[in-house]
Every structure is written in C-alpha cells, then in structure tokens.
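Below is one structure, written out as structure tokens; the observations come after it.
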Amino acid sequence: MLPRLLLAGSTAALIAAAPAHELPGKGEPPITALTQRSGGPIDPDQAIERFDHADLRFVVKPANEEIDGIATLTFTARAPMSKLVVDLDRNLGPQAVAIDGKPLPRSAWDNPEGRLTIALPRPVAAGGKVVARITYGGQPHVAVHAPWDDGAVWSKTPDGRTWFATTDEGYGCDLFWPCLDFPTGEPGSVDLHITVPKGLKAPSNGVLEGIDTLPDGRTTWNWHVDHPNTYAIALNVAPYEVLHATYHSRYGNDIPMYYWYLPGEEKQAKALFAEFAPTLDFYETLIGPYPFGNEKMGVVETPHLGMEHQTINAYGNHYRKTPSGFDEIFQHEFGHEWFGNQLTAANWDDYWLHEGVEEYMQPLYGLWREGQARYDAMMLDQRNRIENKVPLVRGKVITEEEVYEPSKGGPGQDIYYKGAWMLHTLRNLIGDKDFYAATRLEVYGRPDPRPGNFSPRYGSTDEFIADVNKVTGKDYTWFFNVYLRQAALPKLIETRDGDRVTFTWQVPAGLPFPMPIEVQVNDRIEKLAMADGSGTLTVPAGAHVVADPEDKVLKYSQAIVDYQAWEKAQRAKD
Ligand SMILES: [Zn+2]
C-alpha cells in the first residue's frame, strides 16, 4: 500500500462514470463495523479452522455493478468443530450454503453482522475436513478513495468501456469473498474462475490455467495461486492489452513477466515494462529470489494508484515521472512481493515490516541506480514527514486501521517514513553485510534462499530483532526499544565548555541508547562511541563542530519540528 500523502493529484482516475440511480454510490452499500475491521484478535471459532483451499467463481456484471460468487472452501479442523465461521460482508448474502455437497436449510446459517456462522450437519473431529460451498452475490461495497479505503472501483476507460478493480487491504477480503479476515488466514491455495463480459479481460493472481468462452461471448479466466495473502485476491477487468517477456534470474530460473495495460498507451506501457527486469535484479541481488518465480511477475493498470496484490500488482500512477528516474509507485508495490506477500506480518502491529521496509527500498534503489546523492535526497524528503506521535509497535494484537489511521490511534504514515529512517540508521550501525543478511533471514526464514527451498511465511518485530542479534552476534534490543516502541525520538544534546564538547543522548523513558555518532571537527571526522549514552571530544579553540554530518542517525530535529508546525499553520490558512 501507499502513504496517504500521495492522495493529492491522484484522484482524477477514481471518478467513475455518473452512476444510474440504481447503482451504488461511493461508500455504498454501507458495511458493518465488523466488516470494516481486518485483523485484530482472532475469533476462537476461526482459530481452529485451517484454511486449505478456496475455489472462487466470480461473475462480474458491470452494468449493475454486481458480482455473483460461488466459493468452495476447504478447511481442516485443528480441534473439534460444530460450526464453520467465515467473514463475509452481509450485503452479499449468502443465498445458499452446502456442506460436503449437501445443501443446508436456510435455518442452518446466519450472517447478521458480516460474520457468517454455519451450523455443521454433524460435528467434525480434529483433523477432519469440511468443504463449504457458499453461493453469494450482490453489489459489493464501493470504495470512496481507493486504495486508502477499500471496495469495488467501477471506472471507465477513456473510450467508455468497463475498467474495474478491487482493493481490500484495509477492510479485508470479506468485501468480496467468504474468508478468514486476519493476516494468518491465508488459504493454502486458491483457484479463481472469473467470468467477464465479451471483449474484456480478467488478469488475476498466479498462473493462467485457461480461458473458457461461453456461448454468449463472455469469457471465464481460470487462475491458480499458492499461498496468497488474504488481501491479495484481486479482480481486474478491462479491455487490456498485454506485454510479455521472460526474465532470466541470477538464481537460474526463468520468470515470466506480464503487464496488462489500457489500449492506446503502448508507448508509456513499454517504458514501464522496461523497468521490470532491472527492478527484479535489484531486489533479487539485495534481498533474494523473487518469491513467486514459478507463477509470474504480474502488473495490471488500475483506476486507483496501486496495491501489492500478489503476482498481479495494481499500478495506477499514470506513468508519472520523478527526478529519481524510476516509477516509485511501481517499484514500491512490486517490492511488497518480498515485504508483505512472501513475508507477511502475523499481526498488523508489525505493519512496518511491510511499509517501513518497502518505503526504504525506494532510496535504496536510488542508491543502486545513481549513487549516494540520490539516496540522500530521497531520504531527506522522507525525514520531513516523520511525526513521532505514536510508537510504530505497541505490542498488542490490533487491526489494520488501528495502525494505518491516526484517527483510530495509529502511528499512520510513520510506519512508512519512520520505519525507513529506522532501517537507514540500523544499516549505518551494523553495516550493509549484516543489514541485508538479517533482512534476508526475516524474509525467507533461512540465510540461503534459492527458488524452491522456501515458501511464504509470517513474521514479527520480535523475530526481526532476533534475526539482527543472531546475524551480528550482538544484542541490539536497545536500538529497537527506542525507535519502535517509543513515540519520541532520541535527542542529541551538545554542550561546549572551553575546548571540550560533550554529546549526550536524551532518550524517552530514560532508556539505554549507546548509539555511536560521528562528529565533524573542522575538516576531520571523529567517532564517538557513546557507550554510556554520552561522549566528550577535545577540540581546538574556536573549532567548527557538526554532529552527525552525514545524517546517519535518526534523531530529534528542532528545525523539522518547527518546519512541520509552520507547514500545518499555512495549510490551515489556505
Ligand atoms: Zn506499501
């Protein structure tokens, strides 16, 4: 997902054609508080359901802005089960339910608030299987400002044809299909069968297993994907054109690359497509193998800015150019294949593992392509956006919105920018070799990933800290306690007494913070260990002294605080 700041200037494409009176408006139909929630504490009835497989049939009906679905879900009971509980927006029914092939009477299920409870015809013992066939459908909730809120995005191509997409990272998969709406609710695999009107295409997750043409000219697109993220399953419908090539990985495997784009944009599409291979090479070199090389690298043009849908990344950045020379939205969303889809935070409290790491990948790509100056420029731009109001990690099981939304008490955009600057500081502290080794260990769960020897996994902040400590052989818990678990930044206090200059870390809650710093004294750089949180230098009389001249350490800045306050006041005047 993207920082909300990018909302400005990106909304033009979101404006759908004027709806007829029977079509839902933005934000309609309303959804319950339960459907809006994604993640948080897991319902005990759902915790015992191991989600093995989902077979999802979708019929997309743009004329009515409707979706009909038949979901056949296979679960294994981790403990005895007498009911099956899945999440599904109550606006979509269901209309019928069958268990193990036998239709149930209407009295056997209930979906008052968006959590569908199905009484099983007979109890299932631990280790037993349940196959539920759920027939549902209707007008799915329409997004207001996708991708910052979620739902269906019904739009039109410039020549007036259907252009449809879905997003649900915030509200969750239950907007479109019956699912387990928490990060560890990933099904083992999913088969998708997406039926669309004649002349339209439906690129989606994983591998295309075939396209069936119906007698009336509609087509059904059959896809198979392994281990998708819960919010990864995405419908994309338009009269797309497609670019295709094969990437020869440094790991020896061949990866098919696809870009589905709107007709009439071939020139821009080819320019973006040319970025795919070098971007893959960057991530594969610094982090490790592309996690879904046996499926595809897929990108699809969408009427919203972007989202990291697994193997079918949403792209809607209008081919924007920036001084960095690469498409930062594409590069960001695609990097979520590693940080978000391969490595998934088991709890949204650890959201920075997706967004902080991924936001840091744009300056690192600037460094890779151009060198230090581009990296510095991109980092300094991010630095001005860090707010430090709420800790990045709070040590409790919380929902997506309780992190992403400041109005719900979350750190909001700090998961991006403060996360990136924390990692910048860590990389300077432990060095490139250990930084990338720890990151690799967290992403793959092993130090030596190769295609075929790993699969998508769940991670956490605590695990990442353990990875850093393991790789470095030192205990850096103090570092994370300050940057992740405190809202305020450490402040470097400088005092000068004659020829002595003393630096002291002032840290929230008085926590230990032995963060070394560099100090420029006239034309020399001195290193201060700061082992007990302070250090003193003897300098020539009248020496010019600059602390941390290369800005290697994230720390309090009065200038940035003043700048942000001034900006806010200016905005209030406008
Ligand atoms: Zn993101």
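Numbers for residues simply follow the sequence, beginning at 1. Whatever order the structure lists ligands and atoms in, that order sets their numbers, starting from 1.
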**OP:** Indicate yes or no: at least one non-hydrogen side-chain atom of Leu423 is less than 4.5 angstrom from one of Phe435.
**Re:**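 Contact flag for Leu423/Phe435 side chains = yes.
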
Would you say the Zn ion (ligand 1) has [X] as a near neighbour, meaning an N/O/S atom of that residue under 2.8 Å away?
X	result
His354	no
Glu358	no
Met1	yes

**OP:** Measure from the Zn ion (ligand 1) to every N/O/S atom of Glu355 and report the name of the nearest one.
**Re:** OE1

**OP:** Could you list the residues that satisfy salt bridge (Lys or Arg N to Asp or Glu O under 4.0 Å) with Lys555, not counting sequence neighbours?
**Re:**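 Salt bridge (Lys or Arg N to Asp or Glu O under 4.0 Å) check on Lys555 returns Asp548, Asp551.
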
**OP:** Show the numbers, then the answer: is there a salt bridge (Lys or Arg N to Asp or Glu O under 4.0 Å) between Glu401 and Lys408?
**Re:** CA-CA 7 Å; Glu401 290 196 320; Lys408 293 195 157 102; 3.1 Å; yes

N/O donor to acceptor pairs below 3.5 angstrom from side-chain atoms of residues 480-490, sequence neighbours left out:
{"unit_1": "Tyr483", "atom_1": "OH", "unit_2": "Leu554", "atom_2": "O", "d": "2.6"}
{"unit_1": "Arg485", "atom_1": "NH2", "unit_2": "Asp462", "atom_2": "OD1", "d": "2.8"}

